[in-house]
There are 2 protein chains.
Amino acid sequence: MSRATPKKNVAERIASTLKSAIVRGRFQPGAALPSERELAEQYDVNRSSIREAMKRLEGWGLVTIRHGGATRVTEFLLNAGLSVLPELLESGGQLGTSVLGDLHELRGLLLGWSAEQAARRADPSSVARLDELARRLSEPKLKPAEAQALDYDFFEQLVAITGNQLLVLFSRVVRDIYFRAPERFLPLYRPDVFDAGHHRRAVAAIKARDVKVAGDTMRAHAASALTLLRKETA
Amino acid sequence: MSRATPKKNVAERIASTLKSAIVRGRFQPGAALPSERELAEQYDVNRSSIREAMKRLEGWGLVTIRHGGATRVTEFLLNAGLSVLPELLESGGQLGTSVLGDLHELRGLLLGWSAEQAARRADPSSVARLDELARRLSEPKLKPAEAQALDYDFFEQLVAITGNQLLVLFSRVVRDIYFRAPERFLPLYRPDVFDAGHHRRAVAAIKARDVKVAGDTMRAHAASALTLLRKETA
DNA sequence: CCTGCTAACTGGTCGGACCAGTCATGAGCC
DNA sequence: GGCTCATGACTGGTCCGACCAGTTAGCAGG
């Protein structure tokens, strides 16, 4: 492990370690963790630090702490919320890859719907911003990482136009997950495969208030990306 | 149940209090919170408890803690993730109501897509479960609260069928938000307005592998609910 | 005016004490 | 035997007071 413990805080480091251990199944769901005092001795830190780490794990939704009883791994990881997703992705393997696909699938759904909404209600200045992003995405000498960032900006701008605050929050969560391991998506943005045509056509459709074309175009973009992704990881 | 937030833990109570204060703007974004020692004295608890509360706030994404520097409210609340949504909803007012609509809007999007996916790939046992839920939803003497719970089970079952793990996680977050203030949605399930017809027709369409009808039916269900909701809160 | 040291903050860690729930155990009773 | 319930050895929760470790503002000296 090259980056053994690149965290700063003791508590953070320990929380991170335990998180990995739990996600990787070293502690089965429902199983009890060692007591705080035990862990403190084990990691050679003060109990306060262990407590902080525990609180963090509880915050992730990974464990359930009960006063008097043992601290146990949450029964179903699915209850755990989204904070464990980076681990799932990084752990590679079957699950990681499938979640990766899921992420893109969801992104496609949201992209399509947002584009439809945008075609219905976008104001001129919002459209101008989209236009600008599509233009920059079309520049010939664009590096993959830049294209990726711009593509995501485009997504967020589209989401912002929908006016759905909740969706904005969700998309930020998605972005967090996404940019935790951006390199896994970089192949999608190689100059020889990435094509900004969808973006340009979608913007045109939004300008023309063509709801169906706007949605379908962005869905097509996401679908082709998903296909490519599945081919890359196969 | 009056307010007063009768939480159990000291740290939890304080974190809750501060969360409300921040969300309601008592501390502006970027502003520094009082130091841990000050807060400890102010709330008449030990600094450890304040620290735990702080860690929790940091976990919510509400504040940024810097060793040596002050603890400040995160610059943009939008970065704060979903944990603050219940506060936004409970705070009532303009924002609360609009987020409420957003929630239903998103739910409609996910419902429609999930139904489409289900029509493509549902296995017999999953369909049987949906069928059972639709049947129970059609019972004449159903109480609103029961209908609400069943409706949500239906939603989750549909989401499970899509096989998208990420979506499952998202829908759990949505459910958490939703059932934090279920009574706000109860009017939708009054016997005189709630109609399980959409559910039954959607299940039939899924059985028949009719992708379009399945999706449209659930979207229609969500749309009518949204209309009703906007009428109620108007 | 600027530089750089210093002192007074901030949060981070420590350890050790005690309070407060939980749970397995086993004595006592039916 | 099988049940009830006291009890003590766990568990986590809170407190104290000390010290370590960064940050920052202000002041002395250039």
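The chains referred to below are lettered A, B, ... by the order of the sequence lines, with proteins before strands, and numbering in each begins at 1.
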Visitor: Rounding to a whole Å, what distance do you find between B:Glu41:CD and C:dT10:P?
Guide: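 Taking atom P of C:dT10 as the reference, CD of B:Glu41 is at 12 Å.
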
Visitor: Rounded to the nearest angstrom, tell me the gap between atom CD1 in B:Ile50 and atom P in D:dT14.
Guide: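 Rounded to whole Å, this separation is 11 Å.
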
Visitor: Between A:Asn164 and B:Asp102, is there a donor-acceptor pair closer than 3.5 Å when you use the side chain of the first and the backbone of the second?
Guide: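 Answer holds: yes.
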
Visitor: Rounding to a whole Å, what distance do you find between A:Tyr43:OH and C:dT13:C1'?
Guide: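 Those two atoms, OH and C1', are 18 Å apart.
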
Visitor: Looking at every heavy atom in both A:Arg190 and A:Pro144, which two are closest together, and how far apart are they?
Guide: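 Taking every non-hydrogen atom into account, CA-CG, 4.3 Å.
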
Visitor: Can you give one letter per nucleotide of nucleotides 6-13 of chain D, going 5' to 3': B for a protein heavy atom under 4.0 Å from the base, S for sugar-phosphate only, - for none?
Guide: -----BBB

Visitor: If only atom types and distance count, is the side chain of A:Arg121 paired as donor or acceptor with the main-chain N or O of A:Thr162 below 3.5 Å?
Guide: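 Yes, A:Arg121 side chain to A:Thr162 backbone: donor-acceptor pair under 3.5 Å.
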
Visitor: Not counting sequence neighbours, which residues clear salt bridge (charged side-chain N to carboxylate O under 4.0 Å, His left out) with B:Glu38? List them please.
Guide: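 Counting only residues at least two positions away or on another chain, B:Glu38 forms no salt bridge (charged side-chain N to carboxylate O under 4.0 Å, His left out).
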
Visitor: Is it the case that the side chains of A:Ser49 and A:Asn46 hold a donor-acceptor pair, with the cut-off being a distance below 3.5 Å and no angle test?
Guide: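 Judged by distance alone, the side chains do not pair up.
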
Visitor: Within the 4.0 Å heavy-atom criterion, would you say B:Ser48 contacts the bases, only the backbone, or no part of the nucleic acid?
Guide: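 If one applies the 4.0 Å heavy-atom cut-off, B:Ser48 turns out to touch a base.
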
Visitor: Partners of B:Arg47 by salt bridge (charged side-chain N to carboxylate O under 4.0 Å, His left out), sequence neighbours excluded?
Guide: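 B:Arg47 satisfies salt bridge (charged side-chain N to carboxylate O under 4.0 Å, His left out) with B:Glu36 once adjacent residues are dropped.
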
Visitor: Establish, with yes or no, whether the OP1 or OP2 oxygen of D:dC16 is under 4.0 angstrom from a side-chain nitrogen or oxygen of B:Asn46.
Guide: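 Checking B:Asn46 against D:dC16: at least one side-chain N or O falls below 4.0 Å of OP1 or OP2.
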
